[in-house]
Amino acid sequence: KIAIYPGSFDPITNGHLNIIERASRIFDKLIVCVMFNHDKRAMFTQRERVEMIQRAAGHLPNVEVDCSEGLLADYAKARGSCVVIKGLRAGSDFEKEFQMSLINRKLNPQLDTMFLTAGTNMYLSSSIVKELAHYDVALADFLPEAIIPEFKARLRSKEQGGS
Ligand code: PNS
């Protein structure tokens, strides 16, 4: 059974990695797909985000990392999957995720969304990590070790006026 775990992953956090590890134990294959969320302005390119996830999840042999610029409903169909995995944090995620799961099933009636409740990383989000990083907080509790050097380098180049 193949499941799709979609998201912006800008960048992948320990919260995402926890969901990836648990979902990869439930399904034969998990495809982590970096997708566009038009409500968010990305810090990393799609390719950079894919590479960071590949590094962070390199220890999981049944995890593939991909990206798509299209609709999740179409992507799942094209990859032969009928299950979307989402991580669910406290109440605030619920309304939005509930709506997205219904829209995705409207667009692709075969597609169901399964929610894994967040682990101990309940408080984490990519946005909050980007905010914390400006204040010289130790990042190892929040981001996979494998991506911290790249994350810090990007932050430095942004602070020096780069893109
Ligand atoms: O990590 P995010 O930003 O909460 O993930 C949201 C994402 C990327 C999964 C969502 O925006 C999405 O599915 N984008 C792909 C385009 C699409 O299918 N949009 C309709 C979803 S209702």
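Just so you know, ligand 1 is whichever comes first in the structure, and atom 1 is the first atom listed for that ligand. Owing to the predicted nature of the structure, the values given are computational and were not obtained by experimental measurement.
- Residue I128 comes nearest to Y123 through the heavy atom pair CG2-O, 4.0 Å, listed as atom of the first residue, atom of the second, then distance.
- For atom 11 (O) of ligand 1, the nearest non-hydrogen atom from the set F9, F36, Y5 belongs to F36.
- Under a 4.0 Å criterion applied to the non-hydrogen atoms of K96, ligand 1 contributes the atoms 4 (O).
- The number of heavy atoms from other shown groups lying within 6.0 Å of CG (L107) is above 12.
- With respect to the salt-bridge test (charged N to carboxylate O, under 4.0 angstrom), the residues K86 and D93 do not qualify.
- Within the listing of ligand 1, atoms 13 (O), 17 (C), 18 (O) sit less than 4.0 angstrom from a heavy atom of L72.
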Q: Would you please test F9 and V50 for side-chain contact (heavy atoms from CB on, under 4.5 Å) and show each step?
A: CA-CA 9 Å; F9 304 110; V50 166; over 6 Å; no

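- Taking distance alone, with nitrogen or oxygen atoms compared against 3.5 Å, K86 stays at or beyond that limit from ligand 1.
- Counting protein heavy atoms only, atom 7 (C) of ligand 1 is closest to G7 CA, 4.4 Å.
- Remark: minimum distance from atom 1 (O) of ligand 1 to any protein heavy atom is reached at S8 N, 3.0 Å.
- When hydrogens are left out, the protein atom nearest atom 6 (C) of ligand 1 is N37 ND2, 3.9 Å; that is the closest non-hydrogen contact.
- Using a 4.0 Å cut-off between a side-chain N of Lys or Arg and a carboxylate O of Asp or Glu, E97 and R89 do not qualify as a salt bridge.
- Side chains of E48 and R154 form a contact here, defined as non-hydrogen atoms less than 4.5 Å apart.
- Of the listed options L71, L102, V84, L71 places a heavy atom closest to atom 20 (C) of ligand 1.
- When only interatomic distances are considered, the shortest N/O to N/O separation between E97 and ligand 1 does not fall below 3.5 Å.
- For ligand 1, the atoms lying closer than 4.0 Å to a non-hydrogen atom of K40 are 1 (O), 2 (P), 3 (O), 4 (O).
- No more than 12 heavy atoms of other residues, nucleotides or ligands sit less than 6.0 Å from atom CZ of F98.
- In terms of protein heavy-atom proximity, atom 10 (C) of ligand 1 is closest to M100 SD, 4.1 Å.
- Using a 4.0 Å cut-off between charged side-chain N and carboxylate O, K130 and D10 make a salt bridge.
- In this structure, G70 has a heavy atom closer than 4.0 Å to ligand 1.
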